[in-house]
Amino acid sequence: MQQDDIQIKMRQLKTVVVVAIIIIVVLALVNGLTKLGKTKLSITVAPEGSKISINGKKSSDGTHYLKPGQYTITASKEGYKNDEVSVTLENKVQEVTLLPSPETTEAKQELLDNPEVQHEREALGAKKADSKGQSLEEMYPFVKLLPFSNLSEGQFKIDYGLSKDRENDIFLDINDSTPEGRKAALNWIQKHNQDPTDIEIHFTDFINPFVYGKGETGE
Amino acid sequence: MSSRRKFFIWAVILLIAAGIFFGYRYLSSTQTVNVSYKNVSQIEIKQILEDGSEADIVSASSAGTGQKDVRLKKWQNYIIYYKGMDGYSDGQKDFRTTYDTQKVTVEPYFSEVHLANLLTSEVEQIRQKIKSSYPDIIISYKINSGALYHFGDWYGTKLQFIGNSQYQSDDLKIVLQKSDGEWKIASNPPYINLDKFTYPNIPVDILRSVNKM
């Protein structure tokens, strides 16, 4: 009888183990299948309590698995100016940081009263700015050399500024230049593996006679 | 049921499951790309690998005009090499597959020889347009011969300074576009360098070519 009891208990234990394994496998499969074909998007926001929406639909910060495509993520909080980011999700993990900025007196006081929140915002802001700076250098490696002045074989000075029309992009400013210098500046840009067609260039001291000359009609 | 029979049944179930699994994986990792082509004599599609090299031909066909569906891996870069029919140029086109069905069109431009022939009949009209647009200032510039682009509907040239100024003696670039039978200035005013942000409506390949003049 004792032997039979042991055998029954062993069979019961085996059944429990098999059922547990099946449940774990099914849960893992369901978890995997729900993420199949989706990309991980990680949303960080400060201050806490900000409302998050993705393509206008209420959401939350943290990790999301979304189908590839275009998404606009907005963070809003009462008393703060909304922060918005547009991303194109492909098949790589994306991280997005949103930092609504205080507008009202109450919001500003809230940050003063909670310095750790402000520190968190500053740290995230620095990280966000740093990643933008890094990508500018990745896009235009020669910006590390700017400002640059050339006094021989055509005088010019070249520097860059952030574009007002395009986020995370620059324009080049060429000044203190002669006509030969402006040609030399273009050669300098090309010498640093940058096609001048792909970058907005302002020749600041060039007075275009087609704009300021007399009698032209243009289009 | 004998153990041999049980084994056979399990093996069939596993084979079917494996077939479904790998079939689904293939279908979910690839997508349909509809390639439509016009005036080409040959077309080849190659995958660009991560190291920049090109994989073997994915799909090759003698073309003409038509369209073809090909099944390609998702999130990969591909390049289409094509040869144009007589009077049309050879070339290549890059594209990247995404997560959904997409359409790629291959339509070669006129060949350089054909464009050069067309230019002889267009150049006078183009020069007159430039001169009438800038009647007083154009006398300080020589309009270089320039070139037609694409289907002969774009023109670009360098305006070479021949005037007296020492400080504003830069050569300038200008692009015109023909529409409704009339040439119009597309890059006003002419400038030292034409960039794609200031002139988003001018094809970038034309800007690049004209900037090199």
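Chain letters run A, B, ... following the sequence lines, proteins first and then strands; every chain starts at 1. On a predicted model such as this, the values are computed, not experimentally measured, just so you know.
Ring planes of F210(A) and Y134(B): perpendicular class, angle over 60° (limits at 30 and 60°). In this structure, Y78(B) and F95(B) have parallel ring planes: the angle between them is below the 30° cut-off, well short of the 60° mark. Using bins of under 30°, 30° to 60° and over 60° for the plane-to-plane angle, the ring pair H192(A)/W188(A) lands in the tilted bin.
S169(B) touches chain A through backbone and side chain together, each having a heavy atom under 4.5 Å away. Residue contact with chain A, scored on non-hydrogen atoms closer than 4.5 Å, involves the side chain of Y141(B) exclusively. Looking at L186(A), only its side chain comes within 4.5 Å of chain B, counting heavy atoms on both sides. Heavy-atom distances place the backbone of L194(B), and not its side chain, under 4.5 Å from chain A. Contact of N211(B) with chain A is made through the side chain alone, with heavy-atom distances under 4.5 Å. Proximity to chain B is absent for every atom of D165(A), based on heavy atoms less than 4.5 angstrom apart. Heavy atoms closer than 4.5 Å to chain B are found nowhere in K67(A), neither backbone nor side chain. Contacts between D198(A) and chain B at a heavy-atom distance below 4.5 Å involve backbone atoms as well as side-chain atoms. Using a 4.5 Å cut-off between heavy atoms, L159(B) contacts chain A through its side chain alone, with no backbone atom that close. Of the two parts of L89(A), only the backbone, made up of N, CA, C and O, holds a non-hydrogen atom closer than 4.5 Å to a non-hydrogen atom of chain B.
Residue with the most contacts toward chain A among V204(B), L207(B), I192(B): I192(B) (heavy-atom pairs, distance under 4.5 Å). Among T198(B), V210(B), L172(B), the residue with the largest count of heavy-atom pairs under 4.5 Å with chain A is L172(B). Considering only heavy-atom pairs separated by less than 4.5 Å from chain B, the leading option among D169(A), T178(A), I199(A) is I199(A).
Each of I126(B), L118(B), I174(B) was compared with Y155(B) under the side-chain contact (heavy atoms from CB on, under 4.5 Å) criterion, and only I126(B) meets it.
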task: Carefully, step by step, assess K178(B) and E122(B) under the rule salt bridge (charged side-chain N to carboxylate O under 4.0 Å, His left out).
output: CA-CA 10 Å; K178(B) 189 172 187 178; E122(B) 297 284 340; 2.9 Å; yes

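Using modelled atom types, one side-chain atom of D153(B) and one backbone atom of F151(B) make a donor-acceptor pair closer than 3.5 Å.
The number of heavy atoms from other shown groups lying within 6.0 Å of NZ (K83(B)) does not exceed 12.
Between the side chains of D195(B) and N193(B), no donor-acceptor pair is found at a separation under 3.5 Å.
Figure legend: cation-pi geometry between R182(A) and F206(A) absent, as NZ or CZ is not positioned both under 6.0 Å from the six-membered ring centre and within 45° of its axis.
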